[in-house]
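Contents: one structure, followed by commentary.
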Amino acid sequence: MRLTVSAHDDTRKLIVLAVDDELAGLDELSHGLQNNPHIHRVFQASDASDALRLFSHDDPELAARRATGLPTVDAVFADIDMPGLSGMEMSRVIAAMNPSPVLVFVTGHAEEAVNAFDLGAVDYVLKPFQQDRLDRSVARVREKLATVAGPPAGQGGAEPVKNDDEVIPVELAGTTKLIPRSSVRWVEAQGDYARLFTTEGSHLVRIPLAQLEERWEKAGFVRIHRSFLVALPLITEMRMGQGGYQVVIGNEEKVLPVSRRHTRALKDRIVGSGRGG
């Protein structure tokens with residue numbers, strides 16, 4: 001993935017993702033987007049797996065957007081016909097995100113237009129395209145964003161909507177498996193990586209535990225140790241062990257340590273959730 005293709009240096013403008021498995025097509029699309037005065041930054045991905053990885057990438061600007069409840073990027077401009085996970089399948093995942101980027105398809109396949117608009121795409125651009133056609137798509141993206149934008153910061157209104165069920169892409173033997181956050185029971189830090197433990201097994205992802213802690217706090221995950229993040233509703237018991245407090249996770253009797261610095265906060269969270277013990 002080419003991650004830092006810069007355009008106009010103005011963070012009030014759009015950050016977008018261009019996805020195309022053909023290098024010439026990706027360069028043409030990225031170049032056209034960079035030429036638009038309303039684009040601040042263009043990220044590039046050469047397949048759907050690369051594109052989905054961007055949504056957990058630790059780029060500071062993208063992480064700051066997620067922390068404030070914004071989608072990772074404002075819009076995704078995607079081809080449809082790609083090897084592996086197709087552009088349409090990728091877009092179904094992206095469209096299910098909350099908040100989700102605006103979708104635009106840029107493709108040579110006219111027959112997929114109906115499916116594209118069923119996914120909520122704001123435009124369907126056929127290749128080859130001219131700059132003015134791409135500019136009209138950017139204008140439609142801006143119009144869509146204007147209709148869903150809430151009140152400016154500091155002027156009241158509802159809290160930003162967080163992901164109801166974020167999806168984490170995991171690489172397995174050359175394929176990409178999509179792991180919903182709701183299936184994760186606990187997470188263990190492994191250096192700059194994190195291992196997600198689900199009901200079906202475990203998966204290693206290149207996301208620091210501290211980043212997941214920040215992103216998943218409002219989804220009910222709590223830090224219990226420098227090495228562990230746990231889904232709070234799955235804690236069935238908190239007890240004193242030989243080295244300090246421990247928690248029991250679910251019915252499988254998985255026991256994890258609770259560090260001294262996290263003990264008080266965890267007790268408060270458990271009491272606050274209405275469970276004693």
- dist R66:CZ -> D59:CG (nearest 0.5 Å) comes out at 8.5 Å
- Message: Listing request: all salt bridge (charged side-chain N to carboxylate O under 4.0 Å, His left out) pairs with a residue in residues 94-107, at least two apart in sequence or in separate chains.
- Response: none
If you look only at distance, which donor and acceptor atoms sit under 3.5 Å apart when one is on a side chain in residues 187-194 and the other is two or more places apart or in another chain?
none

- Q44 and D27: side-chain contact (heavy atoms from CB on, under 4.5 Å), yes or no, with the steps? CA-CA 9 Å; Q44 298 180 25; D27 286 343; 4.2 Å; yes
- Listed by chain and number, what are the side-chain hydrogen bond (donor to acceptor under 3.5 Å, both in side chains) partners of T263, not counting sequence neighbours? none
- Message: How long is the straight-line distance from CG of L33 back to CD1 of I39, given to the nearest 0.5 Å?
- Response: 5.5 Å
- Item | Interatomic spacing from CD1 in I80 to OG in S91 - rounded to 0.5 Å | 7.5 Å
- Query: Are L52 and L54 close enough, and set up right, to give a side-chain contact (heavy atoms from CB on, under 4.5 Å), and what steps lead you there?
  - Reply: CA-CA 5 Å; L52 291 173; L54 181 70; over 6 Å; no
- Sorted by first residue and then second, give each salt bridge (charged side-chain N to carboxylate O under 4.0 Å, His left out) pair with at least one member in residues 68-83; sequence neighbours left out. R65-D74, D79-K127
- Item | By salt bridge (Lys or Arg N to Asp or Glu O under 4.0 Å) - contacts of D135 (at least two apart) | none
- Would you call the rings of W186 and F197 parallel, tilted or perpendicular if under 30° counts as parallel and over 60° as perpendicular? parallel
- Item | Closest contact, heavy atoms only, V122 versus R140 | O-CD, 3.8 Å
- Answer whether the closest heavy-atom distance between the side chains of H40 and L14 falls below 4.5 Å. no
- S227: side-chain contact (heavy atoms from CB on, under 4.5 Å) partners, not counting sequence neighbours: H225
- Query: For R264, which residues count as a side-chain contact (heavy atoms from CB on, under 4.5 Å) partner, sequence neighbours excluded?
  - Reply: K267, D268
- Message: Are the side chains of F228 and L209 in contact, using a 4.5 Å heavy-atom criterion?
- Response: no
- Message: Just to verify, what does E213 make a salt bridge (Lys or Arg N to Asp or Glu O under 4.0 Å) with, not counting sequence neighbours?
- Response: R223
- Task: Indicate yes or no: at least one non-hydrogen side-chain atom of D50 is less than 4.5 angstrom from one of V19.
- Result: no
- Message: Please report the interatomic distance CG(D20) to OG1(T107), rounded to the nearest 0.5 Å.
- Response: 8.5 Å
- Query: With sequence neighbours left out, what residues match R133 under salt bridge (Lys or Arg N to Asp or Glu O under 4.0 Å)?
  - Reply: D123
- Message: Walk me through whether V42 and L17 qualify under side-chain contact (heavy atoms from CB on, under 4.5 Å).
- Response: CA-CA 6 Å; V42 181; L17 170 62; over 6 Å; no
- Could you go through the side-chain contact (heavy atoms from CB on, under 4.5 Å) check for V222 and L229 one step at a time? CA-CA 6 Å; V222 58; L229 185 68; 5.6 Å; no
- Note on the structure: Contacts of R206 meeting salt bridge (Lys or Arg N to Asp or Glu O under 4.0 Å) (sequence neighbours excluded), chain-then-number -> none
- Item | Distance, nearest 0.5 Å, that separates CG of L134 from CG of N35 | 9.0 Å
- On a heavy-atom basis, the closest approach of I207 and S56 is CD1-CB, 3.5 Å
- Message: Tell me every residue that passes side-chain contact (heavy atoms from CB on, under 4.5 Å) with A75, counting only those two or more places apart in sequence or in another chain.
- Response: V16, F77, V102, V141
- Message: Quick check: do L256 and Q246 have side-chain heavy atoms less than 4.5 Å from each other?
- Response: no
- Can any side-chain N or O of Q131 pair as donor or acceptor with the backbone N or O of G32 at less than 3.5 Å? yes
- Message: Check whether K13 reaches the backbone of P37 with its side chain - one donor and one acceptor, N or O, closer than 3.5 Å.
- Response: yes
- Query: Of the non-hydrogen atoms in P71 and P99, which two are nearest, and what is the gap between them?
  - Reply: N-CG, 3.6 Å
- Over 12 foreign heavy atoms within 6.0 Å of NE2, H31: no
- Of all heavy-atom pairs linking L103 and A95, the shortest is CD1-CB, 4.0 Å
- Message: Any side-chain to backbone donor/acceptor pair from S100 onto A96? Under 3.5 Å, distance only.
- Response: no
- Flag the pair D21 / S46 as yes when at least one side-chain heavy-atom distance between them is below 4.5 Å, and no otherwise. no
- Locate the shortest heavy-atom distance separating R181 from F221; write the atom from each residue and the value. CG-CE1, 3.8 Å
- Item | Note, R239 side chain near V247 side chain (heavy atom, < 4.5 Å) | no
- Which heavy atom of L62 sits nearest a heavy atom of I15, and at what distance? CD2-CG2, 4.2 Å
- Item | Sequence neighbours excluded, every pair satisfying salt bridge (charged side-chain N to carboxylate O under 4.0 Å, His left out) that has a member inside residues 193-205 | K177-E200
- Message: Between T236 and I249, is there a side-chain heavy-atom distance shorter than 4.5 Å?
- Response: no
- Is there a side-chain contact between R260 and Y245, using heavy atoms and a 4.5 Å cut-off? no
- Task: Working to the nearest 0.5 Å, report the span between NZ of K254 and CD1 of I235.
- Result: 14.0 Å
